[in-house]
Amino acid sequence: MELGEVESVLAAHVQVERAVVVAREGRLVGYVVGAVDAEALRAFAATRLPEYMVPSAVVVLDAFPLTVNGKIDRSALPAPEAAVSAGRAPETPAEKVFCALFAEVLGLEQVGVGDGFFELGGDSIMSMQLASRARAAGWTVSPRQVFEEKTPERLALVAVAVSGGAAGQRAETGVGEVPWTPAMRSMGAHALRGEFAQWTVLGAPAGLGADVLASGVEALLRAHGMLRARTGSGLRTLMVPEAGEIDASGLVVRVDAAGVAEGELDRVAVDAARPAVARLDPAAGVMVQVVWVDAGPGRVGRLVLAAHHLAVDGVSWRVLAQDLGTACEAAAVGRRPVLEPAPTSFRTWVRELEQSAEDPRRVEELARWVELVGTADEPLVGRRALDPAVDTVASLRRCSWSVPVGESAVLVGEVPGVFHCGLHEVLLATLAGAVAGWRPGFGAEAGGFLVEVEGHGREPLSEGMDLSRTVGWFTAAYPVRLDASGVDLTEATEGGAAAGVLVKRVKEQVQAVPGDGLGHGLLRHLNSETAPVLEALPVPQVGFNYLGRFAAAGGAGASSVEPWQSAGDTAVGGAADPGMPVPHALDVGAVVADTASGPELTLTLSWPAALLDETDVQELGQAWLGLLNGLAAHTGDPSAGGHTPSDFSLLDLDQDEVDDLEADFADDHL
């Protein structure tokens, strides 16, 4: 399909005299002349075009601007937001709500009706937060609609108003047997250990009180069934009981820190996390522990929330932190805290996950996964493969690096918009380049090296499924083959055009993953016929996990923490059985902390001590930093950025054709 075919569909409307479609700012925009309503025309196009080819905006003009040669002057076509809402304040109730929610979720003072969510720094996880808060404010939108519509103005047109708590009336209890997900099955018996857990640290309001905190924790357990779960009768099941009467006082421990200096409170909290994890017992249904680090009257203390990993994931903490704050604030003024339940339970999602594993459309993905994984890579370090008896969790070593706020702001806020991709693709591209320079030729025979990418996994499996408030372990992992060969890495590190080439190339490699990525785990662990095929394939030696963005205290040396705000050096901490074999020779992590000074990107590399040495890993980390800094510098070049074929997946274009189209469009602006 070509853009001309989209133009033909628009022009087929009886009220349209002429139509032009252009690729603009990562989306298709239609420009028409005629007495037609823009939204009516989009609806008309949606009945004749695939979803992804329907223009995301239609601008109705009195006449097309023309060049001296009588051709349409594309340089004079107005931006869609400018044509519809340039500079105007939000007018409708929905527009006002979405402008306010954009600002709230993204940590901005003000957002205009035409501002794009992802251009302002949003990501897929934050889109879930936006959907959740919109529902609480009386408007229903899905995270997918946030991706498609992007702006408060566009979301206001598709949002459905709900009366007080109507969304919650459809919520499910999630009570009953919960089968294990692919991620759980991949862990095997190690997942049953009590120390297999996650934890986070928050600021605790001054004068919180143990009774208030216990009431808040009780509300969490009532609202989120997985926090009440216990291991089932079989190895691969969990059981969620009815809420009943809950007494959470035994789950809360107070630590007296009245005499502890402000700068030491985070350390005290981290120290308290370890015994809290040790008290978890999934067989007995003890999935949660809370520690209140009481800093004394008038001081913000710390809260440690620890939960067994079978019950939570990284996204769950965003829901739990907000809910605990809401519940405790209600209890503090004498009200019984009642939290909005999740519209879709974790149990419902898992049961549909099992059904999806047998779906013929999923099974059709098998051949593509086999082709993508291909042959095994040589050992990453050139010495040996992982040894499960030696390379255990206890042997792990870790190094971290922080990207300066200035460069982080560009990487988080500008690069994704310029290259029409997500931050995780930016991180994977620069990682691929760093590995190519660190281990020249690694994976070359296979067309690149394998990386196991861990994603949030919260993919709706049926119409109307809303997972934005669901607590559980959704994580999905799938292999991606990355190839940075032929890219001038020196030029990329220096901020040259090669930095853009690297991003575009790896972006397409990431987009080559079959479907939504869930299929690999489904076919590997939940389908008995396809499981042996994938089990026999090579396993990636490198793991990657982008945890997303978290609000954090301070920045630039500041140390203050607000109540219910993330505190400490890490958004989510973790623990595991020390004797568990590590899954990768190298694990790569990244997280963005939104500090008072701006976003700060932190990179982490973890490895078994007997397989790599720190000097070697430091070289890789510095190479990764160098490429990120080079990319940030390159983004300031007016020629930087552009689309790739996956942005127009139904047009069957290659990169050269995309570049030619963009060059033609640029020439029209001269």
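Values below: every heavy atom of this structure, side chains too, minus hydrogens, waters and symmetry copies. Keep in mind that this is a model prediction, so the values were computed, not measured.
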Asks: Is Arg318 reaching over with its side chain to a backbone N or O of Gln129, donor-acceptor style, under 3.5 angstrom?
Replies: no
Asks: Treating Glu491 as the side-chain partner and Ala499 as the backbone partner, does any N or O pair qualify as donor plus acceptor under 3.5 Å?
Replies: no
Asks: Return the minimal non-hydrogen interatomic distance between Asp488 and Ala498, and the atom names on each side.
Replies: O-CB, 3.3 Å
Asks: Mark yes or no for whether Ser408, through its side chain, and Glu600, through its backbone, hold a donor-acceptor pair below 3.5 Å.
Replies: no
Asks: Could you walk me through whether Val33 and Val16 pass side chain to side chain contact (heavy atoms under 4.5 Å, CB included), step by step?
Replies: CA-CA 6 Å; Val33 172; Val16 173; over 6 Å; no
Asks: Give a yes or no on whether the backbone of Leu601 and the side-chain of Glu407 come within a donor-acceptor separation of less than 3.5 Å.
Replies: no
Asks: Can you check whether Lys504's main-chain N or O pairs, donor with acceptor, with Gln509's side chain at less than 3.5 Å?
Replies: no
Asks: Check whether any side-chain heavy atom of Pro152 sits under 4.5 Å from a side-chain heavy atom of Val111, and report yes or no.
Replies: yes
Asks: If I compare all heavy atoms of Phe419 with all of His634, which pair ends up nearest, and what's the gap?
Replies: CZ-CD2, 4.1 Å
Asks: Among residues at least two apart in sequence or on other chains, which ones pass side chain to side chain donor-acceptor pair (under 3.5 Å) with Thr375?
Replies: none
Asks: Could I get the full list of side chain to side chain contact (heavy atoms under 4.5 Å, CB included) partners for Glu425, not counting sequence neighbours?
Replies: Cys421, Lys507, Val510, Gln511
Asks: Report the residues that fulfil side chain to side chain donor-acceptor pair (under 3.5 Å) with Glu352, sequence neighbours left out, ordered by chain and then residue number.
Replies: Ser462
Asks: Can you name the nearest heavy-atom pair linking Leu611 to Ala585, along with the distance?
Replies: CD2-CB, 3.5 Å
Asks: Indicate yes or no: at least one non-hydrogen side-chain atom of Pro182 is less than 4.5 angstrom from one of Leu526.
Replies: yes
Asks: Applying side chain to side chain contact (heavy atoms under 4.5 Å, CB included), can you list everything that pairs with Ser356, at least two apart in sequence or on another chain?
Replies: Arg362, Leu522
Asks: Crowded around Arg18 CZ? As in, over 12 foreign heavy atoms under 6.0 Å?
Replies: no
Asks: Sequence neighbours left out, what passes ring pair (Phe, Tyr, Trp, His ring centres under 6.0 Å) with Phe550? Give chain and number order.
Replies: none
Asks: Mind checking side chain to side chain donor-acceptor pair (under 3.5 Å) for Ser186 and listing every partner two or more places apart, or none if nothing turns up?
Replies: none
Asks: Quick one: are Leu386 and Val582 in side-chain contact, heavy atoms under 4.5 Å?
Replies: yes
Asks: With a 4.5 Å limit on heavy-atom distance, are the side chains of Val435 and Val542 in contact?
Replies: no
Asks: Is Arg481 paired with Asp377 through a side-chain N to carboxylate O contact shorter than 4.0 Å?
Replies: yes
Asks: Ignoring hydrogens and geometry beyond distance, is a side-chain donor-acceptor pair present between Glu508 and Thr644 at under 3.5 Å?
Replies: yes
Asks: Would you check, one step at a time, whether the test side-chain hydrogen bond (donor to acceptor under 3.5 Å, both in side chains) holds for Thr602 with Ser400?
Replies: CA-CA 7 Å; Thr602 298; Ser400 295; over 6 Å; no
Asks: Once you round to the nearest 0.5 Å, how far does CZ of Arg458 lie from CG of Leu518?
Replies: 12.5 Å
Asks: Is a side-chain donor or acceptor of Asp313 paired with a backbone partner of Phe474 at a separation under 3.5 angstrom?
Replies: yes
Asks: Any side-chain heavy atom of Leu603 within less than 4.5 Å of one from Leu628?
Replies: yes
Asks: Apply side chain to side chain contact (heavy atoms under 4.5 Å, CB included) to Thr475 and Val315, showing your working.
Replies: CA-CA 9 Å; Thr475 304; Val315 180; over 6 Å; no
Asks: Count the heavy atoms belonging to other residues, nucleotides or ligands that lie under 6.0 Å from CD of Gln618, then report whether that count exceeds 12.
Replies: yes
Asks: Which atom pair, heavy atoms only, marks the closest approach of Val141 to Ala131?
Replies: O-CB, 3.5 Å
Asks: Could I get the full list of side chain to side chain donor-acceptor pair (under 3.5 Å) partners for Thr490, not counting sequence neighbours?
Replies: none
Asks: Please name the pair of heavy atoms, one in Phe98 and one in Ala134, separated by the smallest distance, quoted to 0.1 Å.
Replies: CE2-CB, 3.8 Å
Asks: Answer whether the closest heavy-atom distance between the side chains of Tyr31 and Val29 falls below 4.5 Å.
Replies: yes
Asks: Report the residues that fulfil side chain to side chain contact (heavy atoms under 4.5 Å, CB included) with Ala434, sequence neighbours left out, ordered by chain and then residue number.
Replies: Leu620, Ala623, Trp624, Leu627
Asks: What's the verdict on side-chain hydrogen bond (donor to acceptor under 3.5 Å, both in side chains) for Trp438 and Asp616, showing C-alpha distance, side-chain angles and the deciding distance?
Replies: CA-CA 9 Å; Trp438 181 60; Asp616 206 14; 3.2 Å; yes
Asks: Starting from the C-alpha separation in whole Å, work towards a yes-or-no answer on ring-ring contact (aromatic ring centres under 6.0 Å, His included) for Phe117 and Phe102.
Replies: CA-CA 7 Å; Phe117 186 74; Phe102 270 44; 5.1 Å; yes
Asks: With sequence neighbours left out, write down each residue that passes ring pair (Phe, Tyr, Trp, His ring centres under 6.0 Å) with Phe442, or none if nothing qualifies.
Replies: Phe449
Asks: Could you go through Thr604 and Val588, starting from their C-alpha distance and side-chain angles, then the distance that decides it, and tell me whether this counts as side chain to side chain contact (heavy atoms under 4.5 Å, CB included)?
Replies: CA-CA 6 Å; Thr604 301; Val588 181; over 6 Å; no
Asks: Report the residues that fulfil side chain to side chain contact (heavy atoms under 4.5 Å, CB included) with Ala38, sequence neighbours left out, ordered by chain and then residue number.
Replies: Val58, Val60
Asks: Between the side chain of Glu149 and the main-chain N/O of Val146, is any donor-acceptor distance below 3.5 Å?
Replies: no
Asks: May I ask you to decide if Tyr546's main-chain N or O and His424's side chain share a donor-acceptor pair within less than 3.5 Å?
Replies: no
Asks: Do Cys99 and Val113 come close enough that some side-chain heavy atom pair is under 4.5 Å?
Replies: yes
Asks: Looking at residues at least two apart in the chain, or sitting in another chain, which of them share a ring pair (Phe, Tyr, Trp, His ring centres under 6.0 Å) with Trp369?
Replies: His520
Asks: Does a donor on one side chain sit under 3.5 Å from an acceptor on the other, for His584 and Asp587?
Replies: yes
Asks: Hey, mind stepping through Arg505 and Val487 against side chain to side chain contact (heavy atoms under 4.5 Å, CB included) and telling me if it holds?
Replies: CA-CA 9 Å; Arg505 178 180 297 186; Val487 176; 3.8 Å; yes
Asks: Side chains of Pro55 and Leu10: does their closest heavy-atom pair fall under 4.5 Å?
Replies: yes
Asks: Any ring pair (Phe, Tyr, Trp, His ring centres under 6.0 Å) pairs touching residues 476-517, not counting sequence neighbours?
Replies: none
